[in-house]
Protein chains: 2
Amino acid sequence: MARPQRRTVRDIRRGNRAVLLRALYFSGPTSRNDLTACTGLSAATVSTMTADLLSENIVVEAGQVESDGGRPRVLLRVNPEYGFAVGVDVAETHVRVGLFDLEMTERAKVDYMLRPARHDPELVARHILSGVEVVLSDAGVSPEQVLGIGVGVPGIVEPGADGVIHAKTFGWDGVPLGALLRRGTSLPLYVDNGAKTMGQAELWFGSGRGASEAVIVLLGVGVGATIVADGTTFRGVSSSAGEWGHTKIVAGGRPCRCGGRGCLEAYIGIEAILDRAGVTSRGNWEEDLAAVLASKSPVVEETITYLGVGLANLVNLINPEKIVIGGWVGIQLGESLLPEIRRATAANSLAEPYAATSIVLGRLGPDAVALGAATLVLEEFLNAPQVARITAAG
Amino acid sequence: MARPQRRTVRDIRRGNRAVLLRALYFSGPTSRNDLTACTGLSAATVSTMTADLLSENIVVEAGQVESDGGRPRVLLRVNPEYGFAVGVDVAETHVRVGLFDLEMTERAKVDYMLRPARHDPELVARHILSGVEVVLSDAGVSPEQVLGIGVGVPGIVEPGADGVIHAKTFGWDGVPLGALLRRGTSLPLYVDNGAKTMGQAELWFGSGRGASEAVIVLLGVGVGATIVADGTTFRGVSSSAGEWGHTKIVAGGRPCRCGGRGCLEAYIGIEAILDRAGVTSRGNWEEDLAAVLASKSPVVEETITYLGVGLANLVNLINPEKIVIGGWVGIQLGESLLPEIRRATAANSLAEPYAATSIVLGRLGPDAVALGAATLVLEEFLNAPQVARITAAG
DNA sequence: CATCTTAGTTCAGGGACAAAAACAAGGCCT
DNA sequence: AGGCCTTGTTTTTGTCCCTGAACTAAGATG
């Protein structure tokens, strides 16, 4: 309650600049005139502010559009080459580094395989740092043009400058990945849980687009969720909100790798699904899952039921506008069984919140984690686009 | 994404005024000098702003405090009699109307009993309206001094001006209580779910005080929760967030009065507890529960386990700083069994979020619902304290 | 070529906060 | 008792920002 929260005229400027930039970013090419309408700012303010943005090269002109009988509108857009963002996906089997421009077009990408058992933090950090160098030189982008590096990792990320990670399944307990990376780069770093970065990507560029209250669930080896409240990711007090996979849906039920019992993940995590189906995997889980789905085994129906219970709990507790199902297991299930998933969710939800929720599939592929990580950089850019220049010198 | 969100200099004024007023309200008697420190505003701004507030009689002086060797500080405080708020608790067995001053001291109160089966909306509305008249005349307060009326009701309240209510257990389905009340009063109305108003009360004046991320759970006949994110109640897209009682903890488990199976309420709602204990109630649930607790029956341990699972789900999903257990059942359980509740929660939570959460008992008594309803009015007052006067005339 | 229409820019005016200076009110020392 | 010091509060001055209105730009129309 004691955080200073005063506002001064400068905050207005910064805030309005962010509003303008967001409008420009999400509406694509737009005229100044339309910007006054959609931001609510006066024409004068839009004019001076766009002039600033143009002179800083953050915004560029993008052709004209004739108006019926008057001066044509000049279209403006965010300059996709004003800066670049690096997105990193640290997963159980690989480290993937991507370079994105401001429009989140992937310009370069590099993968490093990890041997499943070997997750030496130093090695991962070296992969990331060399990956950044590789994608930059591949794309011909210099480090000064990079606005920051976003990293999506498994497990819980402590808030704070060091990016300390706790990932039991990964063998990391208190690994300061942020600090390790800091030794090799001076670029701004953003470290977040991979389920959250994927959620961020679906929210901004995928099926969650435009939703203000939403949940993006990730079904894969692990099960997680991103809770979006008022348009931004809800993180809780210590950044671990969204551990949906370890909420209990059967008190005292199946044991889970987290040590608990009856966790959702212990029913609909890929290992749990295969285990319940009696499949001993030969390593290719995607094929295995496809086989189970094709088998019409009762395990499929059970899985949908458990998933429906888990989703219904989100519906009742969070009352989201939209639930996006992502992760490769989620996509594979959803592609054929979305109506059944909806039915199972409805059966376990209260009527009013269920009616307010639409359940959809994620649209982004396997690169969503890296894309979302890069989006952390973009978000920062849109909120605080560059520090104000020294106006007297301009 | 298209909502106009521009800011102008006037917004700064309003915002800073709200910041100042909140600081004054929550810190009690405070000098202008301390206000500059705790709001971050400059002394000049605090001075002019307090002068305004003093002339409007919103703030009054509250004595002096000597400083070591200098001019003594003049203490300021919010004038508790500047205005009043009405809080209404509509429950299954009664309608309670309370009048509170700005410090939330109850000045008058009146109860109307409801026959359990008879919940005619018109009758309830008449009770509320006549209750308002009664408390005002009892306390000698005129309607002009009342800043608004807050109403806490069971069930889900639709967002919108009519205050439409869906309360299955109450026999109300789409009752526009707000519109019914609007016919009898022109005061500002705020209608919200009773579990949420109770949560609001605990958050502002009870055990949740100062928490920014918290969950306040209500255990009574029904089971509900208030989720607090970033200091404010999270409502979800259609205001029904927090239906914790109908999240499933045993897929396919005990039938619940909501029509579902395995709901938390079907295990730890008072009726469920008594049912599981094999008690056939003679009408006094509080005594019945006390008897069960005294009996050392295994039902008690089971109840704690189920409650622990429910709380752990909140810990994992929401990652709150604090969980407050309220409602009469919650208090009765917690008074003797809080350590066991904590243990059961820990057993079902992930270590990191559990370590970040403290589980405490609610502090406010049975009037918390009405108090919280009045707090809705207070919140509005603190955020937008009066429309700005015509400055030229002053 | 004059007029109309729409788009965008410039400028005066007023509101808001910060920093600094001035003022106020008491204690302390000589 | 009077000057000096310390602390609290108010006034003055300056800078920043937004808006509304006047103004310029650029094309269409007849």
Side-chain angles (χ1 to χ4, degrees), chain A residues 4-20 24 29-55 59 61-76 387-394, chain B residues 4-20 24 29-55 59 61-76 387-394:
Chain A
Q5 45 200 319
R6 56 120 179 234
R7 302 218 158 269
T8 167
V9 279
R10 310 290 276 269
D11 296 318
I12 294 189
R13 185 68 161 180
R14 198 170 37 243
N16 280 342
R17 193 174 147 123
V19 167
L20 193 72
L24 220 34
T30 315
S31 72
R32 293 175 178 79
N33 210 349
D34 293 343
L35 286 172
T36 66
C38 78
T39 61
L41 292 163
S42 72
T45 304
V46 170
S47 182
T48 58
M49 207 120 64
T50 51
D52 279 2
L53 291 168
L54 279 164
S55 77
V59 162
E61 297 196 348
Q64 296 195 345
V65 138
E66 65 177 13
S67 63
D68 26 316
R71 175 176 172 174
R73 280 169 294 220
V74 175
L75 298 181
L76 302 173
V387 189
R389 302 280 164 94
I390 299 150
T391 46
Chain B
Q5 43 200 321
R6 59 123 179 228
R7 304 219 158 269
T8 167
V9 281
R10 309 290 275 267
D11 296 319
I12 295 188
R13 184 68 163 181
R14 198 171 35 245
N16 281 341
R17 192 174 149 124
V19 167
L20 192 73
L24 219 36
T30 314
S31 71
R32 291 175 179 81
N33 208 351
D34 293 342
L35 286 172
T36 65
C38 78
T39 60
L41 291 163
S42 73
T45 304
V46 170
S47 181
T48 58
M49 208 121 64
T50 52
D52 278 3
L53 291 167
L54 278 163
S55 79
V59 162
E61 296 196 349
Q64 297 194 345
V65 137
E66 65 178 16
S67 64
D68 25 317
R71 176 174 172 174
R73 281 170 293 218
V74 176
L75 298 180
L76 303 172
V387 188
R389 303 279 165 94
I390 298 150
T391 46

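Chain naming here is simple, since letters A, B, ... match the order of the sequence lines and numbering starts at 1 in each.
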Is any side-chain nitrogen or oxygen of [X] closer than 4.0 Å to OP1 or OP2 of [N]?
{"X": "A/Thr8", "N": "C/dC17", "result": "no"}
{"X": "A/Arg10", "N": "C/dC17", "result": "no"}
{"X": "B/Asn16", "N": "C/dA16", "result": "no"}

Search all heavy atoms of [X] against all heavy atoms of [Y] and return the closest pair with its distance.
{"X": "B/Ala43", "Y": "B/Thr36", "answer": "CA-CG2, 3.4 Å"}
{"X": "A/Glu66", "Y": "A/Pro72", "answer": "CA-CB, 4.0 Å"}
{"X": "A/Leu20", "Y": "A/Thr50", "answer": "CD2-CG2, 4.0 Å"}

For this session: Return the set of residues passing salt bridge (charged side-chain N to carboxylate O under 4.0 Å, His left out) with A/Asp34 (not counting sequence neighbours), or none when no residue passes.
Result: none
Counting only side-chain heavy atoms from C-beta out, which of [options] sits nearest to [X]?
{"X": "B/Ser42", "options": "C/dA18, C/dA16, D/dC18", "answer": "C/dA18"}
{"X": "A/Ala44", "options": "C/dA25, D/dA21, D/dG8", "answer": "D/dA21"}
{"X": "B/Ser31", "options": "C/dG26, D/dG27, D/dT9", "answer": "D/dT9"}
{"X": "B/Thr45", "options": "D/dC16, D/dC18, C/dA18", "answer": "C/dA18"}
{"X": "B/Arg32", "options": "D/dT9, D/dC16, C/dT10", "answer": "D/dT9"}

Exercise. Is A/Val74 touching bases, backbone alone, or none of the nucleic acid, heavy atoms closer than 4.0 Å?
Worked result: sugar-phosphate
How many Å lie between [atom1] on [X] and [atom2] on [N], as a whole number?
{"X": "A/Glu66", "N": "C/dA7", "atom1": "CD", "atom2": "C1'", "value": "14 Å"}
{"X": "B/Arg13", "N": "D/dC16", "atom1": "CZ", "atom2": "C1'", "value": "16 Å"}
{"X": "A/Met49", "N": "C/dT10", "atom1": "CE", "atom2": "P", "value": "15 Å"}
{"X": "A/Arg73", "N": "C/dT5", "atom1": "CZ", "atom2": "P", "value": "17 Å"}
{"X": "B/Leu41", "N": "D/dT10", "atom1": "CG", "atom2": "P", "value": "15 Å"}
{"X": "B/Ile12", "N": "D/dT15", "atom1": "CD1", "atom2": "P", "value": "18 Å"}
{"X": "B/Asn33", "N": "D/dT10", "atom1": "CG", "atom2": "P", "value": "11 Å"}
{"X": "B/Leu20", "N": "C/dA16", "atom1": "CG", "atom2": "C1'", "value": "15 Å"}

Seminar exercise, completed: Between its two end axes (five pairs each) the helix from C/dC1-D/dG30 to C/dT30-D/dA1 turns, nearest 10 degrees, through 30°
Can you find a heavy atom in the side chain of [X] that is under 4.5 Å from one in the side chain of [Y]?
{"X": "B/Leu24", "Y": "B/Leu35", "result": "yes"}
{"X": "B/Leu76", "Y": "B/Leu53", "result": "no"}
{"X": "B/Arg13", "Y": "B/Asp52", "result": "yes"}

Problem set entry | Polar side-chain contact A/Arg71-C/dA7 base: donor and acceptor under 3.5 Å | yes
Exercise. On DNA chain C, nearest-nucleotide positions of A/Gly70 versus A/Ser47: which is more 5'?
Worked result: A/Gly70
